[in-house]
Amino acid sequence: NAGVTQTPKFQVLKTGQSMTLQCAQDMNHEYMSWYRQDPGMGLRLIHYSVGAGITDQGEVPNGYNVSRSTTEDFPLRLLSAAPSQTSVYFCASSYQDPAETQYFGPGTRLLVL
Amino acid sequence: GENVEQHPSTLSVQEGDSAVIKCTYSDSASNYFPWYKQELGKGPQLIIDIRSNVGEKKDQRIAVTLNKTAKHFSLHITETQPEDSAVYFCAASNGASKIIFGSGTRLSIRP
């Protein structure tokens, strides 16, 4: 198993550009989530999904969209990038719900100029 | 909303000494409390977790204690080693939808 994979590893965007951060898992996990990590702020939940076709907002959802058309994939879309979205983004998954081991991907480092 | 506070933000201990990191949570419905370790350039990885029906759990040099009345839980690392240097996150979940993480503790082990 590859576990949780994320692409790209690093991306530079200009303000106003859009992009999609990809996340995939091959463990047949139902629960998937996106976090951003900023210095001194820990891991903040952006969006999460409890299964295909179901998504919901986390602590900091503004400026981000998600969809879950398959069990395996959970892409995160930045609609119009802003410098405040400069961060490291982590995708995570678990078998069924958040009260289980979360398996994190390697992260995507995003710089918005 | 739910909140998890973590202290200290940085911690430096002599190799061989013990390290303690403390967290408090606000949601009284929280019933799952994991701890994650993040090494440089990697994603966090679970090191130990505890559920609300248990007061203490130990795994070799790592232990976690939970005080439900006070809504706080702690990570204890004994006989610290250089490979324990990392960022540690606590978290809390009520199992329904979300898991909320603390702000992290950067642990440094001095030789």
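In this text the structure is predicted, and so the values were computed from the model without any measurement. Proteins come first, then strands; the chains are lettered A, B, ... in the order of their sequence lines, and each starts at number 1.
Around atom NZ of B/Lys22, no more than 12 heavy atoms belonging to other residues, nucleotides or ligands sit under 6.0 Å away. Residue-environment remark: CD (B/Gln14) exceeds the threshold of 12 foreign heavy atoms within 6.0 Å. Within 6.0 Å of the CZ atom in B/Arg61, the count of heavy atoms belonging to other residues, nucleotides or ligands exceeds 12. Applying the 6.0 Å contact sphere to CD of B/Glu83 captures more than 12 heavy atoms from other residues, nucleotides or ligands. Annotation for B/Gln45: atom CD does not count as buried by contact number, only 12 or fewer foreign heavy atoms lying within 6.0 Å.
A continuous path of hydrophobic side-chain contacts links A/Phe74 to A/Tyr89 [ILVMFWY only; heavy atoms under 4.5 Å]. Under the 4.5 Å side-chain heavy-atom criterion for ILVMFWY residues, no single connected hydrophobic cluster contains both B/Leu11 and B/Phe89. Grouping the Ile, Leu, Val, Met, Phe, Trp and Tyr side chains by contacts below 4.5 angstrom, directly or via other members, places B/Val54 with B/Ile48. In the hydrophobic clustering of ILVMFWY residues, with side-chain heavy atoms under 4.5 Å counting as a link, B/Ile21 and B/Val13 come out together. Under a hydrophobic clustering in which Ile, Leu, Val, Met, Phe, Trp and Tyr are joined whenever their side-chain heavy atoms come within less than 4.5 Å, directly or via other members, A/Val88 and A/Leu78 fall into different clusters.
Residues of residues 99-113 of chain A lying under 4.5 angstrom from chain B, judged on non-hydrogen atoms, are A/Ala99, A/Glu100, A/Thr101, A/Gln102, A/Phe104, A/Gly105, A/Pro106 by number. Chain B is approached within less than 4.5 Å, heavy atom to heavy atom, by A/Tyr48, A/Gln57, A/Glu59 from residues 47-64 of chain A, ordered by number.
B/Pro44 approaches A/Leu43 most closely through the heavy-atom pair CG-CD1, 3.9 Å.
Both the backbone and the side chain of B/Ser97 come within less than 4.5 Å of a heavy atom in chain A. With a 4.5 angstrom heavy-atom cutoff, B/Lys98 touches chain A via backbone and side-chain atoms both. At a 4.5 Å heavy-atom cutoff, the contact between B/Ser103 and chain A is made by backbone and side-chain atoms alike. In this structure, the portion of B/Arg51 lying under 4.5 Å from any heavy atom of chain A is its side chain and not its backbone. Contact annotation for A/Leu45: only side-chain heavy atoms (C-beta onward) come within less than 4.5 Å of a heavy atom of chain B. Interface residue A/Gln37: only side-chain heavy atoms are found under 4.5 Å from chain B. Using a 4.5 Å cut-off between heavy atoms, B/Tyr36 contacts chain A through its side chain alone, with no backbone atom that close.
Judged by distance alone, the side chain of A/Tyr35 and the main-chain N or O of B/Phe101 form no donor-acceptor pair under 3.5 Å.
Heavy-atom pairs under 4.5 Å with chain A peak, among B/Val87, B/Asn94, B/Ile100, B/Asp49, at B/Ile100.
A ring pair (Phe, Tyr, Trp, His ring centres under 6.0 Å) check over residues 3-25 of chain A, counting only residues at least two apart or in different chains, returns nothing. The disulfide (SG to SG under 2.5 Å) analysis of residues 5-103 of chain B, with sequence neighbours excluded, yields the pairs B/Cys23-B/Cys90.
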Give the C-alpha distance, both sets of side-chain angles, the deciding distance and a yes or no for side chain to side chain contact (heavy atoms under 4.5 Å, CB included) between A/Phe90 and B/Gln38.
CA-CA 12 Å; A/Phe90 287 99; B/Gln38 184 180 30; 3.3 Å; yes

